[in-house]
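Below: the structure, in structure tokens.
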4 protein chains.
Amino acid sequence: MKAEDRKALILMYSKQLFSEYGYHMTQISDIIKRARIARGTVYQYFKNKDDIFITLLDNYFTTWRNGLAKRDSELDFSKITAVDFLKQRIKTTLQFFADDHELCNIVLKMGVGLHDNIEKVIQRLEGDIQTIIKEELYLGQRTRNISEDMDTDLVANLLTGAVLRTALYYFVQEREAFKDKTVDELAEGITRVFAPGLFQKVPSEEQETNDPS
Amino acid sequence: MKAEDRKALILMYSKQLFSEYGYHMTQISDIIKRARIARGTVYQYFKNKDDIFITLLDNYFTTWRNGLAKRDSELDFSKITAVDFLKQRIKTTLQFFADDHELCNIVLKMGVGLHDNIEKVIQRLEGDIQTIIKEELYLGQRTRNISEDMDTDLVANLLTGAVLRTALYYFVQEREAFKDKTVDELAEGITRVFAPGLFQKVPSEEQETNDPS
Amino acid sequence: MKAEDRKALILMYSKQLFSEYGYHMTQISDIIKRARIARGTVYQYFKNKDDIFITLLDNYFTTWRNGLAKRDSELDFSKITAVDFLKQRIKTTLQFFADDHELCNIVLKMGVGLHDNIEKVIQRLEGDIQTIIKEELYLGQRTRNISEDMDTDLVANLLTGAVLRTALYYFVQEREAFKDKTVDELAEGITRVFAPGLFQKVPSEEQETNDPS
Amino acid sequence: MKAEDRKALILMYSKQLFSEYGYHMTQISDIIKRARIARGTVYQYFKNKDDIFITLLDNYFTTWRNGLAKRDSELDFSKITAVDFLKQRIKTTLQFFADDHELCNIVLKMGVGLHDNIEKVIQRLEGDIQTIIKEELYLGQRTRNISEDMDTDLVANLLTGAVLRTALYYFVQEREAFKDKTVDELAEGITRVFAPGLFQKVPSEEQETNDPS
DNA sequence: GATGAATGAGTCTTCATTCAT
DNA sequence: CATGAATGAAGACTCATTCAT
């Protein structure tokens, strides 16, 4: 077997195990058992256990970035409405998670308690997602689709939280129950909830006071 | 020192450490060092490391339940508007997380890879939050404030994800940067985004865009 | 409660537990639980766990010695036959074990793996039993009841082994099944097996089968 | 080193230590120090400390069974006398213990206070020895060599106790003092004591009374 | 490259003993 | 004297990593 293939094999089985059992409860023994290779072989391709995990995350990260770039190149910004744009973004992101529910689980449910360098990678990924969303909200504000009073920081969190949890729920936790649910349906549903609140044209004076009476 | 006090002390320091370093990377050694007690003392009050963690989560769970009950008894359902009700709920939940940012971190960032019985407790907590939200959405539908076409499952996830992420972001991760941000402001902001989408009166024929007829 | 009574109480419960579970598997916690006293109280009466155990054995040792002395004073050496004497001795020893099946179990089944000072006490007890038996065999040889060719060392072991095992079997292991078996019956049975071999008058030339001359 | 060899090595050193210090006082640290291996190596071959001990006992058990079978196939039952048969059995058993004085010590001196599964194995071994002896006594009764009045249960205990104690005394405790004593001599001596009592043809009426004179 | 036996630092857990109240 | 919370040395077991074959 070629070196690259073997490395990919190890990654594949590791991904399965990390997704199901998490970083700590997945042992090298489990990986070599499932991959039917010798203990030492793992260390021929990876520096250590961390390295496997980080490689997995890095792959994910790269895939996600490429997905974003590809998507943008396909959009016709002159024609698309703000609502459709939002829906497109949500759909692309959901699709990304749907395509790899194992990595989805790893990223969305791993948190505190991993080694420092692992946490860094996860936070970079999460931070980047958030940043992109925020930038697009700014864009919306400049194009007058979104009120300037909107707290982009907060809204970015709302969107991120909502979308990531949706991904976790439909693609990992309740995967079987909703396997007929399409990414398109989910994106449509999310957009319908967020669009009215995001794209409302509210005069600033009414927004800033809670209750004028 | 009285038994209950000592137990509370151990729990307090454990909470700090679990929050900062997670379950796996927090060692009994760390706990006894910070609590300035002997190794054996921990085991006088807790069966093992799991037991400490689960006790912590159970306490949290109880606090949260009590908070919900207390809040409901204080609301005057005959006068409050749907929007204000939503805002109240969001605020209570955020307040709950704001009050204990350590447990907030533990619950929101712990996921896969803990022992079985620990995962169970966490999932129960998350599930209960989601269930309550869903029930209130049903209530909204019956009182005609929320469209019957709304996918309550999905919306419950959107709200849960949005609120939990907001809590994590403002009360844990960026705590220092936003320490002047009040819970009220956050609740207001979240409500403003969600209310228009939730309480819109949309005729069913316009919503069903996929209608084959 | 008086000091001596409390000490006796601790000894009593310790004996039960040591007999049932052995030295290592009996914990101070078990003793104080059964005796319904506080942990520290044990150490008011005994230096440590070893001390309890050794006190128990010493009591046993003393009881046994006294039993022997009492018995000898009751025998009329001018009238008793060698066979009856043997039977008497066996009976006394069996009675001694029968009277306290817990200590019987402790002594007969404890072996290697106890702390040094405990082992010493046990070996002293066993050694003393053996020595007494051997001395009586010498006496038998001098009174011409037992052949001078007899290997007293070996025979002492045979008797000791046979009697101790009988005690263990009938008074501890199969206690329930044979609770109607009297000590007298056992002594009679043992005597019947050993007497013919012990008191035979064998000419020396026939015994020394390995004689090279 | 091959796996089986390494396992045998660990067993060998463990046997030495268990024999000398017993189960509880022998630590994994002692074993790895004496075997000059790493701590983890032990756990590559054995599940835990119990597993080592039980493996040792099981090996012993198997050896003993095989010894019995081999011995029986070598005897010519048509020619041998009852006394010689007894002597042969005693000799075989003694030889068995003489061949491995460490396991002899472990089995003969271990008793109460070991973990449940260990005690089970020890009791099986002891029980089997006793059963075999009893069966042969029955055989003796059917062939009219042994009186039917004889209490086989009791006599089996006498023989077992006598032989096991002899083994312990000569092969373990006083090993150095009697290293010139042959197994044959011991078997001869034991037989000489037991044979007259076992093979006496006593009319039942004379047996039941103690001494009419 | 592949193997898997060997390694040993690291961790949890136990339990006899102490001592302030 | 009695109590029982606190102690900490000791010991079993784990598992990522190495390296000779």
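Values in this document were obtained by computation on a predicted structure and should not be read as measured data.
- In this structure, A:Tyr45 reaches the E:dA2 phosphate: one of its side-chain N or O atoms is under 4.0 Å from OP1 or OP2.
- In terms of position along DNA chain F, the nucleotide closest to D:Gln27 lies nearer the 5' end than the nucleotide closest to the other residue of the pair A:Thr26 and D:Gln27.
- Looking at DNA chain E, the stems built from 3 or more consecutive Watson-Crick or G-U wobble pairs, each pair with its key distances under 3.5 Å, are E:2-21 with F:2-21.
- Taking the salt bridge (charged side-chain N to carboxylate O under 4.0 Å, His left out) definition, one finds that B:Asp99 meets it with nothing, sequence neighbours left out.
- Atom-to-atom, CG of A:Leu9 to P of E:dA2 comes out at 11 Å; the value is rounded to the nearest Å.
- To the nearest angstrom, P of F:dT14 lies 14 Å from CG of A:Asp30.
- In this structure, the separation between CG on D:Leu103 and CG on D:Leu56 is 5.0 Å, given to the nearest 0.5 Å.
- For the ring-ring contact (aromatic ring centres under 6.0 Å, His included) test, no residue two or more places apart in sequence or in another chain qualifies with D:Tyr13.
- Shown here are the ring-ring contact (aromatic ring centres under 6.0 Å, His included) partners of D:Tyr60, two or more places apart in sequence or in another chain: D:Phe96.
- Look at NE2 on B:His24: it is 15 Å from C1' on F:dA16, rounded to the nearest Å.
- Taking the ring centroids of B:Phe53 and B:Tyr23, they lie under the 6.0 Å cut-off.
- The phosphate of E:dT17 has OP1 or OP2 within less than 4.0 Å of a side-chain N or O from C:Tyr43.
- Contacts of B:Gln27 classified as side-chain hydrogen bond (donor to acceptor under 3.5 Å, both in side chains), with partners at least two apart in sequence or in another chain: none.
- Scanning for salt bridge (charged side-chain N to carboxylate O under 4.0 Å, His left out) contacts around D:Asp100 gives D:Lys15, with sequence neighbours left out.
- Remark: P of F:dT14 and NZ of A:Lys49 are 15 Å apart, rounded to the nearest angstrom.
- Residue pairs that meet the salt bridge (Lys or Arg N to Asp or Glu O under 4.0 Å) test with at least one member in residues 47-61 of chain D, sequence neighbours left out, are D:Asp58-D:Arg124.
- The CG atom of C:Asp50 sits 16 Å away from the P atom of E:dC15 (whole-angstrom rounding).
- Between B:Lys7 atom NZ and F:dA6 atom P there is a gap of 13 Å when expressed in whole angstrom units.
- Straight-line distance from the CD1 atom of A:Ile32 to the C1' atom of F:dT17: 12 Å, rounded to whole Å.
- Checked against side-chain hydrogen bond (donor to acceptor under 3.5 Å, both in side chains), A:Asp128 has the following partners two or more places apart in sequence or in another chain: A:Arg65.
- The CG-P distance, from A:Asp51 to F:dA16, rounds to 15 Å in whole Å.
- Nearest-nucleotide positions on DNA chain F place D:Asn48 closer to the 5' end than the other of D:Asn48 and A:Asn48.
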Distances under 3.5 Å between protein N/O atoms and the N/O atoms of nucleotides 7-9 of chain E, please, pair by pair.
residue: E:dT7; atom: OP2; partner: D:Ala38; partner atom: N; Å: 2.8
residue: E:dT7; atom: OP2; partner: D:Thr41; partner atom: OG1; Å: 2.8
residue: E:dG8; atom: N7; partner: D:Gly40; partner atom: N; Å: 3.1
residue: E:dG8; atom: O6; partner: D:Gly40; partner atom: N; Å: 3.3

